[in-house]
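First comes the structure, then the notes that go with it.
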Amino acid sequence: MRYVPLDARGWRLAMGLRPLAPEDWLEVDENRHTELALKEALLATRRDDVVGLTPAAEAASGELLEEVTAFLRVQHPQLAWSSDEREHPLVAAARVVQEDLCVMVRTDEWRLAGACVCFPSRWRLREKVGTTVDEIHRPVPGYDTSLAAPTRAVFDRLTPERSFWRLNWTLLDSPDLFQPAAARAAGAAPIDQWFFRVERQTIRRLPRSDAIIFTIRTYVTPLAASLGDARFVTHLLASVESAPEATRGYKGWVGVAQKLRALLDVGA
Ligand code: HEM
């Protein structure tokens with residue numbers, strides 16, 4: 001697994017921002033071909049579910065496409081890709097990288113001005129476009145009291161010279177990258193058929209348009225592959241068991257701690 005944002009301390013709602021070097025902005029791996037093909041299919045069949053644009057995103061979208069193509073040319077010169085000039089620049093950018101791309105623009109507040117999100121983790125893009133960072137996070141338990149103010153401050157102070165990245169993770173009963181349904185019911189599948197899903201997110205301010213680009217890269221691995229790793233399992237169990245009830249409900253984890261424990265007791 002590329003990223004395992006777990007430790008012995010258990011569940012914490014934290015920003016966890018780390019400095020991001022320009023050469024690490026976006027990541028390319030062996031799933032590139034499959035994931036770009038999946039994006040193409042979603043754009044062809046469900047464009048309104050994966051693309052949301054407001055006029056406020058226009059200036060930044062062109063700059064974003066320039067940044068993405070320059071990044072690929074410099075950091076991954078061996079990759080073959082082309083961008084369709086008839087496509088909207090934000091979508092053209094999202095079609096050549098594995099990341100989902102969001103353009104945040106400050107008007108009265110920072111708002112999601114436009115996005116191409118093909119791999120949502122149980123949320124709907126159409127409900128978020130045009131809304132503020134606080135409104136986007138309204139369903140997240142504890143965000144309002146512990147993360148809203150620091151996140152607003154980070155957005156206001158972000159400069160083009162210093163970008164950041166962070167990780168989010170969850171457990172889901174489906175490996176699908178495209179999960180737009182907001183269903184929070186705990187899945188019925190046996191826990192060893194669940195998946196560990198990690199989002200690597202970056203924030204970066206664009207110098208010309210002054211917008212902030214928020215990228216989300218999604219990594220999914222079968223939980224079964226890591227159940228033999230005692231350290232991973234201990235940390236996972238500590239996190240799920242110490243998560244507040246509201247968080248467990250939000251994440252669809254109701255009963256998951258017991259299922260994990262039962263599995264481990266049987267295997268012990
Ligand atoms: C540094 C800034 C940010 C922090 C600290 C942050 C933090 C979080 C956290 C903790 C969650 C809950 C995820 C979970 O537990 O599974 C979340 C969910 C989410 N975040 Fe952020 N986030 C940030 C920026 C953004 C931005 C810029 C967007 C813009 C699109 C965004 C979109 C979302 C969405 C759509 C969800 C799911 C909300 C839902 O369930 O309806 N986040 N975020």
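What you see is a predicted model, and the numbers here were worked out from it, not measured in a lab. Ligands are counted one by one from 1 in listed order, and the atoms in each one are counted from 1 as well.
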Proximal atoms of ligand 1 relative to V140 (non-hydrogen, under 4.0 Å): 11 (C), 12 (C), 17 (C), 18 (C)

Contacts of E199 that satisfy salt bridge (charged side-chain N to carboxylate O under 4.0 Å, His left out) - sequence neighbours left out: none

Pairing of D173 and R122 as salt bridge, 4.0 angstrom limit: yes

Per atom 33 (C) of ligand 1, closest listed option by heavy atom (K251, H137, R12, R111): H137

Geometric class of the W25/F71 ring pair [parallel <30°, tilted 30-60°, perpendicular >60°]: perpendicular

Donor-acceptor side-chain pairing of D29 and Q98 below 3.5 angstrom: yes

Side chain, backbone, both or neither: E127 near ligand 1, heavy atoms under 4.0 Å: neither

K259 to W253 six-membered ring, cation-pi geometry met (6.0 Å, 45°): no

Numbered atoms of ligand 1 (with element) below 4.0 Å of C102, judged on heavy atoms: 30 (C)

Part of L13 with heavy atoms under 4.0 Å of ligand 1, whether side chain, backbone, both or neither: side chain

Numbered atoms of ligand 1 (with element) below 4.0 Å of M15, judged on heavy atoms: 5 (C)

Heteroatom proximity flag, K128 to ligand 1, N/O under 3.5 Å: yes

F214, F155, F164: member with heavy atom nearest to atom 28 (C) of ligand 1: F214

Proximal candidate to atom 38 (C) of ligand 1 [heavy atom criterion; set Y250, W110, W169, W11]: Y250

Residues forming a side-chain hydrogen bond (donor to acceptor under 3.5 Å, both in side chains) with D156, sequence neighbours excluded: R106, W110

Any N168 heavy atom less than 4.0 Å to ligand 1: yes

Per atom 32 (C) of ligand 1, closest listed option by heavy atom (V103, I136, T151, I216): I136

T69 side-chain N/O to E66 backbone N/O, donor-acceptor pair under 3.5 Å: yes

For ligand 1, the portion of T170 having any non-hydrogen atom under 4.0 Å away: neither

Where P139 and Y250 come nearest, the two heavy atoms and their spacing: O-CD1, 3.3 Å

